[in-house]
Amino acid sequence: QNTLHKSSDTCLTSGFYNWQLLLEDHKHRQVIKGEVIDWIIEVHRKYKLFPQTLYFAVHFMDRYLAQKNVQKNKVKLVAMSCIYMASKFE
C-alpha cells in the first residue's frame, strides 16, 4: 500500500517522493521533474535513441511515479528503467 504524506515538505524530508503531492507544489515538481528529464535527455542523446524513445521514457516515468513513492536516491534508477523499457519499442 502507498503511504500518503500530509505535505510535500514531509514528502521531501522523509526521503520519498510522492508524485501526486509534488504535483500540488508546482515549484518542487518542476525542479525535480526537470532534473530527471534533463538526465533522460542526456542518456537519450549519448546512445542516439529514436525520438519516440524519449517520449515513451518520460511517459512511463510519469505513470509509474504517479502510483508509487520512490526514494530520492532511486529516482534515476526508475528513469533508467523507463528508458530501457522505452528502447524496447525501437
State yes or no: do [X] and [Y] share one hydrophobic cluster built from I, L, V, M, F, W and Y residues joined by side-chain heavy-atom distances below 4.5 Å, directly or via other members?
X     : Y     : result
Tyr64 : Ile40 : yes
Met61 : Tyr47 : yes
Phe56 : Ile37 : no
Val78 : Val36 : yes
Leu54 : Met85 : no

Which distance, rounded to the nearest 0.5 Å, do you find between the [atom1] of [X] and the [atom2] of [Y]?
X     : Y     : atom1 : atom2 : value
Arg63 : Cys82 : CZ    : SG    : 11.0 Å
Asp38 : Lys33 : CG    : NZ    : 12.0 Å
Phe60 : Phe89 : CZ    : CZ    : 4.0 Å
Met80 : Trp39 : CE    : CH2   : 5.5 Å

(message) Just to verify, what does Lys74 make a side-chain contact (heavy atoms from CB on, under 4.5 Å) with, not counting sequence neighbours?
(response)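 In terms of side-chain contact (heavy atoms from CB on, under 4.5 Å), with neighbours along the sequence ignored, Lys74 is linked to Val70, Gln71, Leu77.
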(request) Measure the shortest side-chain to side-chain distance between His44 and Ile83 over non-hydrogen atoms and say whether it is less than 4.5 angstrom. (result)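 The answer is no, as the side chains (C-beta and beyond) never meet within the 4.5 Å cut-off.
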